[in-house]
Amino acid sequence: MKIRNSPGVLPGFGLTMGFTLTYLGLIVLIPLAALILKSVTLTWAQFVQEVTSPRVLASYRLTFGASLVGAIINSIFGAVVAWVLVRYEFPGRKLVDAMVDLPFALPTAVAGITLTAIYAPNGWIGKCLQPLGISVAYTPLGVVVALTFIGLPFVVRTLQPVLESLDLETEKAAVSLGANRWYTVTRVILPTLVPAWITGFSLAFARGVGEYGSVVFIAGNMPMKTEITPLLIITKLEQYDYAGATSIGVVMLAISFTLLLTINWLQSRTGLHRIH
Amino acid sequence: MSIEVRGLTKHYNGFKAVHNVSAKLETGSLTALLGPSGSGKSTLLRMIAGLEVPDSGEIHLTGREATYASAKERNVGFVFQHYALFKHMTVFENIAFGLRVRKQKEDEVRNRVFELLDLIQLTGYEKRYPSQLSGGQRQRVAVARALAPRPEVLLLDEPFGALDAKVREELREWILRLHEETNMTTLFVTHDQQEAMEVASRILIMNHGEIEQDGTPIEIFDEPATHFIAQFVGETNYIDTEISEKGLAVWGPFRFSVNPGLPVNQKIRIYFRPNDVYVTAQFETLQVRAKIAKTRFRGTVIEYKLDIGEDKTISAQVPKGVALASGFKEGQEVYAAITAFHVFPIQP
Amino acid sequence: MTQETLIVSVKGDRKTDPARALTETRWVRWILITVALLFIALFLLVPLAEVFTSALNKGFSYYFGAIREPDALSAVKLTLIAAFFSVWFNSAFGIVSAWAITKFSFPGKNLLITLIDLPFTVSPVVSGLVYVLLFGLQGLLGPWLQAHNLHIIFALPGIVLATIFVTFPFISRELIPLMQEQGSEEEEAAMVLGANGWQIFWRVTLPNIQWGLLYGVILCNARAMGEFGAVSVVSGHIRGLTNTLPLHVEILYNDYDFTAAFAVASLLTFLAVLTLIAKTLVGLKYEKERQVLPPRFESELP
């Protein structure tokens, strides 16, 4: 009985809808349209050449590869963190819970210089890894570290509410049917987490693909090796190569839009409250 | 204030929520809008209040057309199913809301609120928040809030729906008393026929977006106008058969005299209530043999499932005293007659 | 009620269902907690500690010198201006769009919500790029702006616009689900009681969404003050003129003045910690606001 086909009887439809569309148009849609408009001034061949040059392809590999690895690391450890925060009592639990959001709150540039300082060969952790022959800063591994940091809250924050809402009765039922703990966890609990898990993974991945601030400091930015795609856009802009910047920008925009639609679809399936 | 709706229609994406509904409620009447969920009764009520816009038709309040008037111009009081109390306001502020938005003077507001608090027997609760009240108390605050601006008509959407049985009972009594005192035109929506019969002097029954019957509780119960009402109101049995000769239908051993206007071979469904089945241990007159298949204790009556042959069971209800005196048992052979019934033709 | 039933059933089950079957053995729990804490410490605590030790490694006077330097102060000012505009504009947009979306039904609602979310997934660099392509010298409106001597790119308006863009959905995406969950019944009740649109909004809706709004404002503010990528593209890095705090950090870092860079970074880190505290406190109130008044079953009339 809540479905309506006239907009409704509360006041303000015209006013609020008008303002919403105007503001959305001015801030988001017109600027994005400018990108598309600029890109259609290029020929198709030019566009393809710009977005498939070896240097750009190398940057895709790094950006997507590192985002993928970061999202996988977060899926594993984020799940452990979420589980521990929801299911166990230990001193400092509330503090840890609040700290999980630090990557949302900490400006990316600060994260970038800080991670670089820690993982540089003379940094706290870099120093320990150096003798083992592992260098993190200025290598693709550094990009992974930065993207892991930046994506850390996503999996935790999508899994947490689902874990909290899990019905203990189901677990009791499993136990009363003779299941042991391992069986209960792997066959009863984990399957119900899968949709939220994938959503958290996608959010972390999407954030990683577009990330700039935390990566540029630690990556070293060597063409073909440690140069991420967003940085390439900036480099091209600084060289007044607007065609190149625009072309790569269109590819990035298309990817963001696809990821957004996927995430929205996943979230509408899981009915989760969206998080940041 | 009287309420009149003419040909009121509201469809949602092809679903007929309310279809061509006309009715007139006189000033001072207390009417129930009864129907199963999804029958359109809430939509009709919300259209009268101005909370939904009808697709077509007219609404007249005290003779003046108000079909597209905004809710605030209609001067109706509306009580929501889940109360919709302002949860960040105290009881006092909730009740005062309709007065404050009309910019009434502070002392008038206070007087009116305390008068209403007295009416709903919640004097002393004015500083509480809705979350600190019980369900029944919240409901009464909702009624007081609706009454505060002195509306000419009170509309209630499932007013007792979310309450437990005992509180419902008390609130029904209270609404009746309130109506006697204020004599305000009142229309309430319910899916509970017991509630509609006890409280209202008139009942409109809705089904699939249309009003199927409009009458007093006795009329609705004793003279159901349609198949749906015969099944929906009260408990009932039915058997399907056809007219065998002018004015007569036969089903097994039962013979029913029916409206002679129905043509021979017309398929019909005969409805009769369990308490209209007359059961005796000995044959008296015009009865048929039956076997008690099951006994169920129902408080003031005892219900028997009677096997009347041809794989058909009907239920009969006998006052407890009579039943105990007769000593009926499961498996016993008895005699049964149907003393009152209603016949509806089945459209092929 | 629920708690009671739970206790009763746990007691009843004790024989057949030992409590340990519902949790892991002690050593599994211990390992999981350790893994979680190590992960958090490695990725969150160590960086926090690094910021402050690096900021102070040349002593307090150097620290205060770095953050009181005129360029740093003008960066603080610019950051505050950008955050101020984006919080106000996006709050207004958040409230208005949530009203339009949750109080009415209209075709294309899901598309509208998706478009509002779009800036959230767009790379900050692309967000900056689109403004350069629109307002920059080579951009669509560039020649016109040039002719009228208006400066957007490499100037304050560009920084403000880019900041508004990246924080665009923050408040509406809090308010839309919140107002959806709360429904429109209270607003409808107010309307039947004779309230007009403004009265409904100020007296009924706003008090019901205040904590959600504040929560969104905190997130929007944190992101606005910390935004780097988008602002970096449109600012031109003019010291003392178009430098926000994060850009100032970058410049100091690239000048190898690490201690000063971390000193300024520590200001932003303070902000982040404050944000987390405020978010946690407001979050508690917000959680309550999202709960619908529970039904009550008590048979008493006073």
Side-chain angles (χ1 to χ4, degrees), chain A residues 4 7-8 10-13 16-17 19-20 23-24 27-28 31-32 34-35 38 77 80-81 84 88 90 96 98-99 101-102 105-110 113-115 117-118 149 152 171-172 175-176 181 206 210 212-213 230 233-234 237 242 245-246 249 252-253 256 259-260 264 273-274 276, chain C residues 17 21-22 24 29 32-33 35-36 39-40 43-44 46-47 50-51 54 93 96-97 99-100 103-106 114-115 117-119 121-126 129-131 133-134 138 140 164-165 168 173 177 187 197 219 222 226 228-229 233 246 249-250 253 261 265 268-269 272 275-276 280:
Chain A
R4 303 168 179 176
L10 288 170
F13 179 67
T16 56
M17 190 51 99
F19 180 83
T20 302
Y23 188 76
L24 177 70
I27 300 291
V28 179
L32 289 180
L35 175 66
K38 192 83 185 175
F77 290 96
V80 175
V81 172
V84 163
Y88 305 148
F90 57 92
V96 172
M99 270 189 67
D101 285 324
L102 184 69
L106 193 70
T108 52
V110 177
I113 62 166
T114 310
L115 292 173
I118 297 169
F149 172 83
L152 189 146
E171 285 172 50
K172 279 190 208 157
V175 172
S176 70
R181 188 61 188 163
Y212 172 72
I233 295 178
I234 290 195
L237 266 183
Y242 285 90
T246 305
M252 291 291 285
L253 182 66
S256 330
L259 284 171
L260 175 66
N264 275 4
H273 176 59
R274 297 166 302 171
H276 308 277
Chain C
D17 172 12
L22 280 176
E24 288 69 42
R29 270 183 289 169
L32 287 177
I33 291 176
V35 167
F39 183 66
I40 294 286
F43 277 94
L44 302 182
V46 171
E50 171 75 41
V51 171
S54 299
F93 171 74
V96 168
S97 63
W99 182 277
K103 301 299 177 196
F104 304 102
S105 72
F106 53 90
T114 304
L115 289 176
D117 273 350
L118 190 54
T121 39
V122 172
S123 169
V125 170
V126 174
L129 171 69
V130 296
Y131 284 105
L133 294 179
L134 190 60
Q138 308 288 316
L140 295 174
I164 290 178
F165 184 99
F168 186 86
R173 60 191 294 137
E187 282 81 5
L219 298 175
F228 178 69
V233 175
V249 169
E250 184 197 21
Y253 187 85
L268 290 165
T269 309
T275 300
L276 289 186
T280 308

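First the proteins, then the strands, lettered A, B, ... as listed; each starts at 1. Bear in mind that the values here come from a model prediction, so they are computed numbers and not experimental data. The figures here come from the full heavy-atom set of this structure, side chains too, leaving out hydrogens, waters and symmetry mates.
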Heavy-atom pairs under 4.5 Å with chain A - which of [options] has more of them than the others?
options                            : answer
L134(C), L140(C), V35(C), V51(C)   : L134(C)
L129(C), V126(C), T280(C), V249(C) : L129(C)
V125(C), I164(C), T269(C)          : V125(C)

Among [options], who wins on heavy-atom pairs under 4.5 Å with chain C?
options                            : result
F149(A), Y212(A), F13(A)           : F13(A)
G12(A), A105(A), A98(A)            : A105(A)
A206(A), A245(A), A109(A), G249(A) : A109(A)
P31(A), G213(A), A34(A)            : P31(A)

Q) Heavy atoms, side chains only, cut-off 4.5 Å: are M17(A) and F104(C) in contact? A)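 Of all side-chain heavy-atom pairs linking F104(C) with M17(A), none is under 4.5 Å.
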Q) With a 4.5 Å limit on heavy-atom distance, are the side chains of L268(C) and L106(A) in contact? A)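 No, every pair of side-chain atoms sits at 4.5 Å or beyond.
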Where does [X] contact chain A at under 4.5 Å (heavy atoms): side chain, backbone, both or neither?
X       : result
T275(C) : side chain
L115(C) : both
Y253(C) : side chain
V122(C) : both
P124(C) : both

Q.
Which label fits F77(A) and F39(C): parallel for a plane angle under 30°, tilted from 30 to 60°, or perpendicular past 60°?
A.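 Correct class here is parallel.
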Q | Parallel, tilted or perpendicular: rings of F168(C) and Y23(A) (30°, 60°) | A |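 Rings of Y23(A) and F168(C): parallel, under 30°.
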Minimum heavy-atom separation for [X] to [Y], with atom names?
X       : Y       : value
F165(C) : V28(A)  : CE1-CA, 3.9 Å
M99(A)  : L44(C)  : O-CD1, 3.3 Å
P11(A)  : G197(C) : CG-CA, 3.5 Å
L24(A)  : F93(C)  : N-CE1, 4.5 Å
G210(A) : S123(C) : O-OG, 2.7 Å

Q.
As a quick check of understanding, evaluate side-chain contact (heavy atoms from CB on, under 4.5 Å) for I233(A) and V233(C), giving each step before the final call.
A. CA-CA 9 Å; I233(A) 295 178; V233(C) 175; over 6 Å; no
Nearest 0.5 Å, what's the [atom1]-[atom2] distance between [X] and [Y]?
X       : Y       : atom1 : atom2 : value
K38(A)  : L133(C) : NZ    : CG    : 6.5 Å
L102(A) : I40(C)  : CG    : CD1   : 9.5 Å
L32(A)  : Y131(C) : CG    : OH    : 8.0 Å

**Q.** For I33(C), the option from V81(A), V84(A), V80(A) that meets side-chain contact (heavy atoms from CB on, under 4.5 Å)
**A.**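 Answer to the side-chain contact (heavy atoms from CB on, under 4.5 Å) test with I33(C) among V81(A), V84(A), V80(A): V84(A).
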With a 4.5 angstrom heavy-atom cut-off, could you sort out which part of [X] is near chain C: side chain, backbone, both or neither?
X       : answer
F90(A)  : side chain
I113(A) : both
V96(A)  : side chain
L115(A) : side chain
I118(A) : both

